[in-house]
Amino acid sequence: MNCMRRLWILLLMVLFGTPLGAKDLTILTSFPSDMTDVFESLWQDAKPRTRIQVLNKNTISAVEEIQQGNARAFDLFWASSPEAFVLLVRDDRFADAAVCGPDGPAPIEAFAVSSVGWSRRSDSTLFMPGSWNDLLLPVYRDRIAMARPARSGTMHLLVEQLLQVRGWDEGWAYLLELAGNLSTLTARSHGVPDGLINRRFDIGLMIDFLSTSRGEALQFKYGRPMMTFSAQIGILKGGTNPDLACAFVEMLLSRSGQLALRHPNVSRIPIDAQIRAEISATIPPEITADLKLPWLEYDPELSADRYWAVNALFDLMIADVLVERRALWRRYHALKNQGFGAELDRVHQLLTKVPISERAATEVSYSAATGLRPSVQPATGSDERKLLDGWRQEIRELLALAAADLEALETSRDE
């Protein structure tokens, strides 16, 4: 219906010209069109004499574009990643506090609540993992997928949650061991639910709404301990229609906008506590419980402080060497199954070691030539390249030592 409606609008515009006084509202978002279409329809019903243009771009690329000056004059930035908003606030990329007037919304508003976990197909016979640690079990070898955090704001958020809950060293140790069970790393967060449905893998790590918006196809489980965080929308500096941007935020926070979050194509949890109470039967009980008594607050400021380093380390330690690391874990588990025990302790330490401290990660994120830039690109400054090359060399040495230890144990087994 939305497609037909848009075609009719375009046809009328071609035949009779653009409506007198029509204005464009432009939105840069990481959300899929299935979700944004619902709110475009609401907007067009309320503001038929305006046009709305929505560009979908992954969070990391969107932040970079805005940091580089918002050359295309987007009015709104709309995403799930709280640290993305922290980065842009630090860069002074949002409109002034009074942009919508004394009775209007703030330039940045939370509109929905989310958390992270994992999914499987509804028709899967594979045991549904009950905890994060279950994902390390041999039954899930080559059956798990996630997106690269350097390409997905929500997956960066998932990685950061693990680091904040478990601590820097233990969090990375978990992620490095999980790499042994990974089937693939997708280019976008949306690729994880799509890959599950298309049977490319069996378990997918993701944010809740990417699974629940797939209706009957997928089952989702929240990871514990649970952290909830707010998805946000912000009015950007350099936009051409701040009045329309204010009106869109007001619509999103209105009763109709909050209820539209429960549309099957959106499947998000309203930020409005009163509306959540009215529709409590449709809200996951885990979310309700965490909002009442949170175990640990997610810290987006901490995440923003080390954003660059976390993305870089994930790429260097996991994405760039996934095949090699996965093969080393297979050899490790094969020896363990054959009776080796304490002899494998050093191998485990080598395979789960992060070559940089938490403090150093924060310091280099600030001192890197590109400052708060959120992702790692080939064309970096000389200091940044030198830093990355040093980390890469340390990681290679750790893997080489693990491989040598494994070979020695395999040789002793075969003698």
Side-chain angles (χ1 to χ4, degrees), residues 30-32 34-35 38-39 59 78-85 108-120 122 128-135 146 152-166 189-190 192-193 196 203-233 252-300 303:
S30 61
F31 299 136
D34 284 352
M35 173 183 164
V38 172
F39 293 95
T59 304
W78 197 12
S80 290
S81 170
E83 46 272 283
F85 285 84
I108 302 171
E109 291 278 5
F111 72 92
V113 180
S114 289
S115 193
V116 293
W118 51 87
S119 275
R120 69 170 186 181
S122 298
M128 182 66 143
S131 69
W132 289 110
N133 286 344
D134 281 352
L135 294 168
M146 62 185 290
S152 164
T154 55
M155 198 51 49
H156 179 98
L157 193 155
L158 184 149
V159 167
E160 260 295 343
Q161 175 173 326
L162 289 166
L163 296 178
Q164 291 186 27
V165 168
R166 294 175 179 244
S189 55
H190 311 309
V192 177
L196 280 173
I203 300 290
L205 308 188
M206 67 185 80
I207 195 168
D208 49 11
F209 77 92
L210 284 180
S211 176
T212 54
S213 62
R214 264 57 178 191
E216 300 296 323
L218 299 178
Q219 293 177 332
F220 181 81
K221 187 171 182 62
Y222 288 104
R224 292 181 180 276
M226 190 172 177
M227 281 183 172
T228 53
F229 38 83
S230 299
Q232 299 171 89
I233 188 166
L252 189 58
L253 297 178
S254 70
R255 179 176 178 81
S256 62
Q258 289 287 284
L259 289 173
L261 291 169
R262 300 307 294 160
H263 187 286
N265 288 354
V266 182
S267 228
R268 301 208 70 154
I269 298 161
I271 195 71
D272 190 308
Q274 183 176 341
I275 289 177
R276 283 202 310 270
E278 291 177 20
I279 58 173
S280 59
T282 72
I283 305 295
E286 301 96 326
I287 291 281
T288 302
D290 190 74
L291 290 172
K292 286 181 179 177
L293 187 64
W295 181 83
L296 182 67
E297 296 285 349
Y298 183 78
D299 188 347
S303 176

TODO: Kindly indicate, with the supporting measurements, whether the criterion side-chain contact (heavy atoms from CB on, under 4.5 Å) is fulfilled by Thr288 and Ser280.
DONE: CA-CA 8 Å; Thr288 302; Ser280 59; 5.9 Å; no
- [ ] Assign the ring pair Trp118 / Trp132 to parallel, tilted or perpendicular, where the plane angle (0 to 90°) is split at 30° and 60°.
- [x] perpendicular
Open item on the list: Distance check, rounded to the nearest 0.5 Å: Leu253 atom CG versus Ile275 atom CD1?
Closed with: 9.5 Å
Task: Student check: side-chain heavy atoms of Asp290 and Pro225 closer than 4.5 Å - done: no
Task: 4.5 Å side-chain heavy-atom contact, Met206 and Leu196 - done: yes
Task: Phe31 side chain reached by Phe39 side chain, heavy atoms, under 4.5 Å - done: no
Open item on the list: For the CZ atom on Arg276, are there more than 12 heavy atoms of other groups (residues, nucleotides or ligands in this structure) within a distance under 6.0 Å?
Closed with: yes
- [ ] Working to the nearest 0.5 Å, report the span between OG of Ser122 and CE of Met128.
- [x] 8.5 Å
Task: Pairwise distance CG(Leu210) to OG(Ser152) - rounded to 0.5 angstrom - done: 8.0 Å
Task: Where at least one partner belongs to residues 211-220, residue pairs that pass salt bridge (Lys or Arg N to Asp or Glu O under 4.0 Å), sequence neighbours excluded - done: Asp194-Arg214
Task: From CH2 (Trp78) to CD1 (Ile233), nearest 0.5 Å - done: 5.5 Å
Using distance only, find each side-chain donor-acceptor pair of residues 260-267 under 3.5 Å and give its atom names and separation, not counting sequence neighbours.
unit_1 : atom_1 : unit_2 : atom_2 : d
Arg262 : NH1    : Arg268 : O      : 2.9
Arg262 : NH2    : Thr282 : O      : 2.7
His263 : ND1    : Asn265 : N      : 3.0
Ser267 : OG     : Thr212 : O      : 3.2
Ser267 : OG     : Thr212 : OG1    : 3.3

Open item on the list: So Ser213 and Met35, do their side chains get closer than 4.5 Å, heavy atoms only?
Closed with: no
Task: Exercise: identify the closest heavy-atom pair between Pro129 and Lys221 - done: O-CD, 3.2 Å
Open item on the list: What I'd like to find out is whether the side chain of Ile207 reaches to under 4.5 Å of the side chain of Leu157, using heavy atoms alone.
Closed with: no
Open item on the list: Quick check: do Val116 and Thr154 have side-chain heavy atoms less than 4.5 Å from each other?
Closed with: no
Task: Contacts of Glu160 that satisfy side-chain hydrogen bond (donor to acceptor under 3.5 Å, both in side chains) - sequence neighbours left out - done: Gln164, Arg306
Open item on the list: Can you give me the closest heavy-atom contact between Phe229 and Ser115, atom names plus distance?
Closed with: CZ-CA, 3.6 Å
TODO: Report yes or no: does Glu83 contribute a side-chain atom to a donor-acceptor pair with the main-chain N or O of Ser303 at less than 3.5 Å?
DONE: no
- [ ] Kindly compute the distance separating CD1 (Ile269) from OG1 (Thr228), expressed to the nearest 0.5 Å.
- [x] 9.0 Å
- [ ] Kindly give the heavy-atom pair with the smallest separation between Pro300 and Pro82, and that separation in Å.
- [x] CB-CB, 3.8 Å
Task: Student check: side-chain heavy atoms of Ser114 and Phe209 closer than 4.5 Å - done: yes
Open item on the list: Using every non-hydrogen atom in the two residues, find where Glu286 and Tyr222 come nearest and quote the distance to one decimal.
Closed with: CD-CD1, 3.9 Å
Open item on the list: For Gln161 versus Tyr298, what's the shortest heavy-atom pair and its separation?
Closed with: N-CE1, 4.0 Å
Task: Phe220 and Pro284, any side-chain heavy atoms less than 4.5 Å apart - done: no
Open item on the list: To check you understand the geometry: which heavy-atom pair defines the closest contact between Pro193 and Ser189, and what is its length?
Closed with: CD-O, 3.2 Å
Task: Check: Gln258 side chain, Leu252 main-chain N or O, donor-acceptor pair, under 3.5 Å - done: yes
